[in-house]
Number of protein chains: 2
Amino acid sequence: MEDVLRTVAERWALLIVREVSLGRRRFDELQAATGAPRAVIADRLRRLVEAGVLATRPYRAPGRRTHSEYVLTPAGIDLLPLQAALAQWGARHGTTEPGLDFRHVACGGHVEAVLVCECGQQVSPHERLVAQIN
Amino acid sequence: MEDVLRTVAERWALLIVREVSLGRRRFDELQAATGAPRAVIADRLRRLVEAGVLATRPYRAPGRRTHSEYVLTPAGIDLLPLQAALAQWGARHGTTEPGLDFRHVACGGHVEAVLVCECGQQVSPHERLVAQIN
DNA sequence: CGGTATCCTATAAGATACTG
DNA sequence: CAGTATCTTATAGGATACCG
C-alpha cells in the first residue's frame, strides 16, 4: 500500500490521471491543465508509466506532425472508481468549483461510486459496514 | 479540488483515516500503526479535524484514565468509498500485502466500491463511461 | 498519554531557459 | 512539442527529547 500511496494516490498523479481521463493526453496539455512545473509532469508521467497506469504511444493527428500521447492502461482504468469517489467527496464536502463527473454512455445519466456487497445489496458507508484487514 | 488533494488525498491522511476506520483512535495507536513521526501525526490530525473529517472527543475506558480519541465524522465516513476504491486498486495492482477490507454486517460479505449509474445500472469503468467536467 | 520543540536532512516545488 | 537542465526556495520527513 505504501507505494500505492506514493504513486497513484499522490497529488499530481491524481490530477494527471483525471486529466487523461478527460481526454487530455499530451504533455503540454497536461502541463497547462494541472499547472505543475514541467519537471513534475515529466516525473509523474514516468512513474505512472512505470506503475502500469499509463502507456505512451505515438499519435498522428490528421495533417499534423506525429507526437506521443499518454493513455490509460487497463490498470489505469481501474483507477476510475477512485477518481469518482474522490470527485464525489470533493463535490459534497470540498470546494464548490466544478469537478470530474462520469456519465453513462447508454443513458447519459450521472455515475457514482458506491459500495456494494457481494450479496448484491448496496451498502451505505454510514451503516452496516465493518472494516478489517485483509 | 486542490485542497481536497492536499488534505484528504494525502499519504499520511489516507493512512490515518484508514486506521481510524479500523478502530484505532488514539494518538499513540495511530503513530505506531502508521510509523509516521509524531509531529506528522499531530499535523495531519489537526488538518483532518479542521477539514471536518475527524472529531476528537474525550473517552474513558472502563477502569482507565480518561483520554481523547479521534472518530470519523459523517464527512469522514463519506471517505469510505474512496478508501475502498484505493484498497481495491492496491489489492489488484499493487503489493500483495494485506489491505483494508470492508464487510457487510448483515451478511458478512465482502464490500466493493463500484460505479453505478443513476439509471440503476452498474457500470464497468472499462466501458460505457465518459468523463466530463462538472 | 498526547502532544510540542528542535534540529537536521532530504525531497518537492516553482521559475525559467534550453535542446532534439 | 516533449521533454532536460539548473537553480533556488519551500516543505516534508526522521530522530529524539521533553513536558503537562
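So you know, we letter chains A, B, ... as the sequences are listed, proteins then strands, and number each from 1.
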A.B. asks: Between Q121(B) and V123(B) (side chain of the first, backbone of the second, donor and acceptor by atom type, cut-off under 3.5 Å), is there such a pair?
C.D. replies: no
A.B. asks: For V17(A), run the side-chain contact (heavy atoms from CB on, under 4.5 Å) check against L79(A), L22(A), I77(A) and tell me which one passes.
C.D. replies: L79(A)
A.B. asks: Just by modelled atom types, is the R25(B) backbone N or O under 3.5 Å from a matching donor or acceptor in the E29(B) side chain?
C.D. replies: yes
A.B. asks: Can you tell me the distance, in whole Å, between the CD atom of Q31(A) and the P atom of dA15(C)?
C.D. replies: 10 Å
A.B. asks: Heavy atoms only: give me the nearest P81(B)-A113(B) pair and the separation to one decimal.
C.D. replies: O-CB, 3.9 Å
A.B. asks: Please list, one pair per line, the donor and acceptor atoms closer than 3.5 Å that link side chains of residues 51-61 of chain B to other protein atoms, with sequence neighbours excluded.
C.D. replies:
from   : atom 1 : to     : atom 2 : distance (Å)
R57(B) : NE     : E69(B) : OE2    : 3.1
R57(B) : NH2    : E69(B) : OE2    : 2.8

A.B. asks: For the pair made of CD in E29(B) and P in dG2(C), what is the distance, rounded to whole Å?
C.D. replies: 8 Å
A.B. asks: Between the two ends of the helix from dC1(C)-dG20(D) to dG20(C)-dC1(D), what is the bend in degrees, rounded to 10 degrees, where each end axis spans five pairs?
C.D. replies: 50°
A.B. asks: Strictly distance-based, threshold 3.5 Å: is any side-chain N or O of E118(B) a donor or acceptor partner for the main-chain N or O of V111(A)?
C.D. replies: no
A.B. asks: Say you draw a straight line from CE of M1(B) to CZ of R6(B); how long is it, rounded to the nearest 0.5 Å?
C.D. replies: 13.0 Å
A.B. asks: In whole angstrom, give the distance that lies between atom CZ of R26(A) and atom P of dC1(D).
C.D. replies: 5 Å
A.B. asks: In whole angstrom, give the distance that lies between atom CD1 of I41(B) and atom C1' of dA5(C).
C.D. replies: 17 Å
A.B. asks: Round to the nearest Å and state the distance from I16(A) atom CD1 to dA13(C) atom C1'.
C.D. replies: 14 Å
A.B. asks: Working to the nearest 0.5 angstrom, can you tell me the gap between L14(B) CG and R44(B) CZ?
C.D. replies: 10.5 Å
A.B. asks: Generate the contact string for nucleotides 3-20 of chain D. Rules: B means base contact, S means sugar-phosphate contact only, - means no protein heavy atom under 4.0 Å.
C.D. replies: BB--------SB------
